[in-house]
Amino acid sequence: MQKYLYRICLFIALASIFASCGKTVTIDTYAIIPEPVELTMDKGSFTLSSSTTCFVGNAGQNDPSIKYISRMLRQWHFNPVLVGKPESNCLQFILNEEYDQTLGDEGYTLTVDKDGVVVSANKDCGLFYGFQTLIQMLPEDIDVEHYSKITLPACHIKDSPRFAWRGSHLDVSRHFFGVSYVKKQLDLMAAYKMNKFHWHLTDDHGWRIEISKYSQLNDVGSWRVDRDDQPWGQADPAGEDEPRTNGGYYTKEEIDEIVAYAAERYIDVIPEIDFPGHCCAILEAYPELACEGDDTTYTVQFGPYWPPRAILCGGSDSVMQFLKDIMDEIIPLFPYSYIHIGGDEAVKDNWKRCPRCQQRIKQLKLRNEEQLQGWMMCEIENYVKGQGKTIIGWDELLEGGVSNDATVMSWRGTAGGVTAARHGNDVIMTPTDYCYLNFYQANPEFQPPAMPNSLVTLYKVYQFDPMPAGLKEGQRGHILGGQCNLWSEYINTPEMAEYMLLPRLCAMAEDLWSPLEVKRWPSFRQKVQRHIIRLKANDYNVGTGSFRPWMATERQPDGTYLVTFDWEVEGTHLFYHTGDGNFRPYKEPFTVEKGTKITTISLFHGLLKEKAYEFVCDA
Ligand code: ACM
Ligand code: ZN
């Protein structure tokens, strides 16, 4: 007994030494992304320490948000004692007794004053988001450093999202990503209050979900020869009998694990089964689902499959049965109400030649092959509707006739989204120019390979507004929100996926959550620097950003033009000349005559990051 007591005393002594040996810090300013709707700084402060307690009121200890919060606090060694009523030196997480309409389901308020921190919300999701904000108020290295005391300046925050759909997509077909990376992306989404994970599970380059009824999809369609050491598009063809070692798929247990992990972070998972195009992996596994007369030998391959001609036969009853069977296996795995059924870039050359497809067009009195695709999509839509699901499709859906209930994902610009909203369909905006994070984030000369001829800088992402101009009041409500997409042709490792996502996902999160009135590029650029420190501390690989400046000109009374440069990455050193070849540092705006050519270069930490870039002041 004595030995036992001795051990307890030793444990308490060690624990208190450990608790007191952490660092202490006073936070100066907050850098919250996405920017809250209202953030007011107050006088005074509160110090979080090992003696801080926690009150969870009616939320209860078993509420998922409270479990998450407790786990994180323990991880940071704060381990607050749960108390039965609010007291001073306390963290409070409280569900409102009365629903506050101004907060909605996801909103929250957060107050820091001398007595502690109070987070309140209508729903546990709001408590979770309030806690995500609190995390960002703590030191950037909180996850790797031990702090015993953190002093937070007093403030009041009232916050709720601008859009309900705040999505992030991952293509796991072009390259397969294991469960651990998917979880890492979900963590990132949760940190930035994003709530829809669009999982692009099937495409020409690999089928990535276990299907019991069609095992060839996994045995054949999920694998290809390994060419990851060669550039996409220039890889050697597969040798005869060469083993197919590259690929993989998620088992049903793994899907359950991801869906549960996402749910703990208030993220809904939307699976995408892409048809009738982008089906090379299906057609290698089941060639009989191709059009009559199509003698192509389909092979799951590395490198572009372009134009994407691998299309399921639109006239085959076996194809429709196959799709329904797939839906029967998918639907029980994904509790969220949406299923994405693709529909993009289906080249219909085969359909034009196929007697079965032509027969179906005739029999259904359709006008053309586009309408045949429209019919297929509607058939599957009706099938899944019977099981309580709503479909989403890419904006090609509009070409074949779309039902009123389908949600349209507008990717080829925003025009498709505008048409769909006017038609009464819900819309998710994901135009390539702002939302394709597989595009280069900076001058390709300084970047790892990405989609050729593409550029979407952090600044560009920050300019994204999912709400297009020209919609009437009643139509605006159809714009559910937006989403960033990560296609993985050129992304073959988790590190590269993170590099492409970050920090651009931070800009996307602010586009989707924050009202336009509180979005400010200069302050966002500063906040991002602090987030990069936090992200790196959490082992994320963060992109370098773009070092290309941009120019604004303003006509002066004397007819000259005042030239101002701005850039993306804090700490960029810009040099310029106006024709004499003598580069000088850019310190402040300067005037030039109309038509002057201005050449700039950008340095960062002494390294050339952007070569001579020419602007013409043509106002
Ligand atoms: C797409 O990028 N093909 C939707
Ligand atoms: Zn056909």
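Every number for a ligand or one of its atoms is a count from 1 in the order of the listing.
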- prompt: Would you say D344 and ligand 1 have an N/O pair spaced under 3.5 Å apart?
  reply: yes

field: Donor + acceptor pair across side chains of D405, S403 (<3.5 Å)
entry: no

message: Would Y540 and K184 count as a side chain to side chain donor-acceptor pair (under 3.5 Å) here? Give the steps.
response: CA-CA 9 Å; Y540 284 100; K184 223 175 155 194; 5.8 Å; no

- line: For SG in C354 and SG in C291, the angle at the Zn ion (ligand 2) (nearest 10°) is 110°

- request: For W487, take its heavy atoms, then give the atoms of ligand 1 lying under 4.0 Å from any of them.
  value: 1 (C), 2 (O), 4 (C)

query: Should we say atom CG of N368 is surrounded by more than 12 heavy atoms from elsewhere, each under 6.0 Å from it?
result: yes

E345 N/O to ligand 1 N/O under 3.5 Å: yes

task: Determine, for K519 against D511, whether the closest basic-nitrogen to carboxylate-oxygen distance falls under 4.0 angstrom.
output: yes

- prompt: Using 4.0 Å as the upper bound for N to carboxylate O, is an ion pair formed by R525 and D566?
  reply: yes

message: Evaluate Y436 for polar contact with ligand 1, using N/O atom pairs at a separation under 3.5 Å.
response: yes

